[in-house]
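The model shown is predicted, which means the values in this text are computed figures rather than measured ones. Residue numbers count from 1 along this sequence.
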Amino acid sequence: MITLKNDRLLRALRREPVDMTPVWLMRQAGRYLPEYRAIRQQAGSFMKLCKTPELACTVTLQPLDRFPLDAAILFSDILTIPDAMGLGLSFVEGEGPIFARPLKRAQDIRALSAPDPEISLRYVLDAVRMIQQELAGKVPLIGFCGSPWTLATYMLEGKANQAFPMIKAMIQSDPMLLHELLTILAKSVAMHLNAQIRAGVQVVMLFDTWGGMLNTADYQQFSLQYCQQIISQLTHPEGQTIPLILFTKGGGKWLELMAETGCSAIGIDWLLDVKEARQRVGNKTALQGNMDPQILYQSPGNIRAEVARILKSYGAGSGHVFNLGHGILPDIHPDHVAVFVDAVHEFSRVYHE
């Protein structure tokens with residue numbers, strides 16, 4: 001068991017007292033950092049960067065060299081599982097993820113099997129082990145996966161498409177086949193998260209990026225129930241409880257439902273006020289979020305003012321992990337990130353006295 005020098009994130013996720021509100025950023029290792037772009041160019045492709053543990057380790061740690069963040073998040077991608085299933089993932093500049101072999105027929109879905117993470121996704125686990133060795137207990141390491149629903153949207157469409165007509169048509173035309181796909185994906189995600197836990201991550205996060213496109217009944221049936229299955233299948237090393245953060249972009253209307261899944265924290269986007277979110281979940285879960293990423297384009301004074309406003313909205317006490325409401329945008333200036341992180345630590349102390 002690793003002894004952490006800074007366990008602020010874990011304490012906040014358990015809603016235990018902290019000296020100040022912990023902060024990290026979704027996509028904190030990424031294109032807004034010039035040192036990341038240099039490594040990305042060296043790798044030659046995004047997938048090569050993901051699949052080379054030494055490089056993934058380097059870019060995971062880069063933001064911690066710049067900013068006093070309270071967590072590292074594994075550099076990987078939410079679509080590694082479908083890639084390990086043989087769908088052939090690549091990334092095209094300006095277009096995002098593309099699958100060479102999307103699921104077109106029922107037999108394509110029925111031919112899928114859960115990949116062994118120790119074999120097909122070994123590069124992810126090797127990166128986790130390297131990162132933990134380099135971190136040496138400085139801060140916790142967060143692992144993650146995409147939710148079954150979100151993985152399925154890409155696997156059926158073959159690429160990013162905010163409307164995702166293929167999966168929406170399948171809800172109507174063949175819901176049982178869709179459930180078959182989601183079932184094998186839930187098994188695969190649980191296996192991969194458990195493998196990450198065995199390799200050394202101290203927190204896991206489930207990214208349900210496209211759950212918010214659904215109506216309430218379909219969200220419960222096709223997205224949330226599979227997230228709940230995964231949460232129930234997580235294994236916890238002896239003497240530890242590994243917290244899980246559940247993030248559904250656009251999911252603010254379902255906080256009460258999400259809080260019943262057994263997750264430790266709910267990630268919220270900027271469309272919902274954190275005060276309302278806290279009132280609605282009560283003591284059931286912690287909350288993560290929720291500054292609009294666009295605020296980081298603004299002046300340092302405006303960034304500090306928005307941080308102060310969100311902290312005041314949440315109010316006194318633990319159970320809040322400060323973050324953006326979605327991933328950091330690629331052309332944000334790193335100096336603005338420094339202002340953001342410092343403001344969270346500076347202004348939050350008064351709420352933990």
For this session: For the pair His326 (side chain) and Lys249 (backbone), establish whether a donor and an acceptor sit closer than 3.5 Å, ignoring hydrogens and angles.
Result: no
Less than 3.5 Å apart, which donor and acceptor atoms pair up between the side chains of residues 72-85 and the rest of the protein, not counting sequence neighbours?
from, atom 1, to, atom 2, distance (Å)
Asp77, OD2, Leu79, N, 2.9
Thr80, OG1, Asp77, O, 3.4
Asp83, OD1, Leu89, N, 2.9
Asp83, OD2, Lys51, NZ, 2.8

For this session: For Asp208 and Phe247, indicate whether the former's side chain and the latter's backbone hold a donor-acceptor pair under 3.5 Å.
Result: no
Problem set entry | Pairs involving residues 260-316, ordered by first then second residue, that meet ring pair (Phe, Tyr, Trp, His ring centres under 6.0 Å) (sequence neighbours left out) | Tyr314-His320
For this session: Without swapping roles, check the side chain of Lys104 against the backbone of Arg101 for a donor-acceptor pair under 3.5 Å.
Result: no
Exercise. Are side-chain heavy atoms of Asp65 and Glu35 found at a separation under 4.5 Å?
Worked result: no
Problem set entry | No-hydrogen, no-angle side-chain donor-acceptor test under 3.5 Å, Thr150 and Thr153 | no
Exercise. If you measure from CD on Gln225 to SG on Cys227, what distance do you get to the nearest 0.5 Å?
Worked result: 10.0 Å
Problem set entry | Residue Gln279 excluded, over 12 heavy atoms near CD under 6.0 Å | yes
Exercise. Does any non-hydrogen side-chain atom of Ile131 lie less than 4.5 Å from one of Leu61?
Worked result: yes
Exercise. Which residues pass the side chain to side chain contact (heavy atoms under 4.5 Å, CB included) test with Ala186, sequence neighbours left out?
Worked result: Pro148, Tyr226, Gln229, Ile230
Problem set entry | Co-membership, hydrophobic cluster, residues Leu271 and Leu257, 4.5 Å side-chain | no
Exercise. Distance only, no hydrogens: is a donor on one side chain within 3.5 Å (strictly under) of an acceptor on the other, for His179 and Gln221?
Worked result: yes
Exercise. Does the side chain of Ser318 come under 3.5 Å of the side chain of Tyr351 through a donor N or O and an acceptor N or O?
Worked result: no
Exercise. Can you check whether Ile197 reaches Asn194 side chain to side chain, under 4.5 Å on heavy atoms?
Worked result: yes
Problem set entry | Gap separating the CZ atom of Arg129 from the SG atom of Cys57, nearest 0.5 angstrom | 13.0 Å
Exercise. Are Met130 and Phe144 grouped together when hydrophobic residues (ILVMFWY) are joined by side-chain heavy atoms under 4.5 angstrom apart?
Worked result: no
Exercise. Are Ile295 and Met26 connected, step by step, through hydrophobic side chains (Ile, Leu, Val, Met, Phe, Trp, Tyr) whose heavy atoms are closer than 4.5 Å?
Worked result: yes
Problem set entry | Donor-acceptor contact present, side-chain Ser188 to main-chain Ile184, <3.5 Å | yes
For this session: State whether the side chain of Asn290 and the backbone N or O of Asp269 hold a donor-acceptor pair below 3.5 Å, judged by distance alone.
Result: yes
Problem set entry | Within the 6.0 Å centroid threshold, strictly below: Phe340 and Phe67 | no
For this session: Output yes when a side-chain donor or acceptor of Asp174 lies under 3.5 Å from a complementary backbone atom of Leu177, and no otherwise.
Result: yes
For this session: For residues Ile332 and Val337, determine if any side-chain heavy atom of one lies less than 4.5 Å from a side-chain heavy atom of the other.
Result: yes
Exercise. For Arg105, does its backbone N or O pair with a side-chain atom of Asp108 as donor and acceptor, under 3.5 Å?
Worked result: yes
Exercise. Atom NZ in Lys168, atom OG in Ser173: separation rounded to 0.5 Å?
Worked result: 14.0 Å
Exercise. Have Trp210 and Tyr154 got a donor and an acceptor in their side chains that come within less than 3.5 Å?
Worked result: yes
Exercise. Can you find a pair of side-chain heavy atoms, one from Leu234 and one from Leu193, that are under 4.5 Å apart?
Worked result: yes
Problem set entry | Within 6.0 Å of CZ in Arg31, more than 12 heavy atoms from elsewhere | no
Exercise. Does anything in residues 80-102 pair up under ring pair (Phe, Tyr, Trp, His ring centres under 6.0 Å), and if so which pairs, sequence neighbours excluded?
Worked result: Phe46-Phe91
For this session: Would you please name every residue forming a salt bridge (charged side-chain N to carboxylate O under 4.0 Å, His left out) with Glu256, sequence neighbours left out?
Result: Arg280
For this session: Decide yes or no on side-chain hydrogen bond (donor to acceptor under 3.5 Å, both in side chains) for Asp70 and His345, but give the supporting numbers first.
Result: CA-CA 10 Å; Asp70 293 298; His345 286 157; 2.7 Å; yes
Exercise. Looking at CD of Glu346 and OG1 of Thr21, how far apart are the two atoms once the value is rounded to the nearest 0.5 Å?
Worked result: 13.0 Å
Exercise. What distance separates Leu55 CG from Ile39 CD1, expressed to the nearest 0.5 Å?
Worked result: 6.0 Å
Exercise. Is there a donor-acceptor pair closer than 3.5 Å between any side-chain N or O of Gln28 and the backbone N or O of Leu25?
Worked result: yes
For this session: Taking all non-hydrogen atoms of both residues into account, name the closest pair between Val59 and Ala29 and its distance.
Result: O-CB, 3.1 Å
Exercise. Taking side chain as C-beta onward, heavy atoms only, is Leu214 less than 4.5 Å from Ser223?
Worked result: yes
Problem set entry | Beyond-backbone contact of Ile310 with Phe322, side-chain heavy atoms, under 4.5 angstrom | yes
Problem set entry | Partner set under side chain to side chain contact (heavy atoms under 4.5 Å, CB included) for Ile231, not counting sequence neighbours | Leu244, Thr261, Cys263
Problem set entry | Smallest separation among heavy atoms of Arg11 and Val18, with atom names | CB-CG1, 3.7 Å
For this session: Report yes or no: does Thr285 contribute a side-chain atom to a donor-acceptor pair with the main-chain N or O of Val281 at less than 3.5 Å?
Result: no
Exercise. Are Leu255 and Leu224 grouped together when hydrophobic residues (ILVMFWY) are joined by side-chain heavy atoms under 4.5 angstrom apart?
Worked result: yes
Problem set entry | Within 6.0 angstrom of Gln162 CD, more than 12 heavy atoms from elsewhere | no
Exercise. For the hydrophobic clusters of this structure (ILVMFWY residues joined by side-chain heavy atoms under 4.5 Å, transitively), does one cluster hold both Phe347 and Leu324?
Worked result: yes
For this session: Output, in order, the C-alpha distance, side-chain angles, deciding distance and verdict of side-chain contact (heavy atoms from CB on, under 4.5 Å) for Glu306 and Gln298.
Result: CA-CA 10 Å; Glu306 182 64 2; Gln298 298 185 19; over 6 Å; no
Exercise. Side chains of Asp335 and Val339: does their closest heavy-atom pair fall under 4.5 Å?
Worked result: no
Exercise. Crowded around Asp331 CG? As in, over 12 foreign heavy atoms under 6.0 Å?
Worked result: yes
Exercise. With distance as the sole criterion, is a donor-acceptor pair present between the side chains of Thr248 and Trp254 under 3.5 Å?
Worked result: no
Seminar exercise, completed: Correct closest heavy-atom pair for Arg15 and Gly319 would be CG-CA, 3.9 Å
Problem set entry | Heavy-atom closest contact (Leu13 atom, Pro243 atom, distance) | CD1-CB, 3.8 Å
Exercise. What's the shortest heavy-atom distance between Leu206 and Gly146, and which atoms?
Worked result: CD1-O, 3.9 Å
For this session: Determine, for Glu157 against Lys159, whether the closest basic-nitrogen to carboxylate-oxygen distance falls under 4.0 angstrom.
Result: no
Exercise. Is the count of non-hydrogen atoms from other residues, nucleotides or ligands lying under 6.0 Å from Lys312 atom NZ greater than 12?
Worked result: no
Problem set entry | Any donor-acceptor N or O pair under 3.5 Å, side chains Gln132, Gln202 | yes
Seminar exercise, completed: Between the CG atom in Leu141 and the CG atom in Leu64, the distance rounded to the nearest 0.5 Å is 9.5 Å
Exercise. With distance as the sole test, does His336 use its side chain to make a donor-acceptor pair with the main-chain N or O of Leu296 at under 3.5 Å?
Worked result: yes
For this session: Give the minimum heavy-atom separation between Leu125 and His192, together with the two atoms involved.
Result: CD2-CE1, 4.4 Å
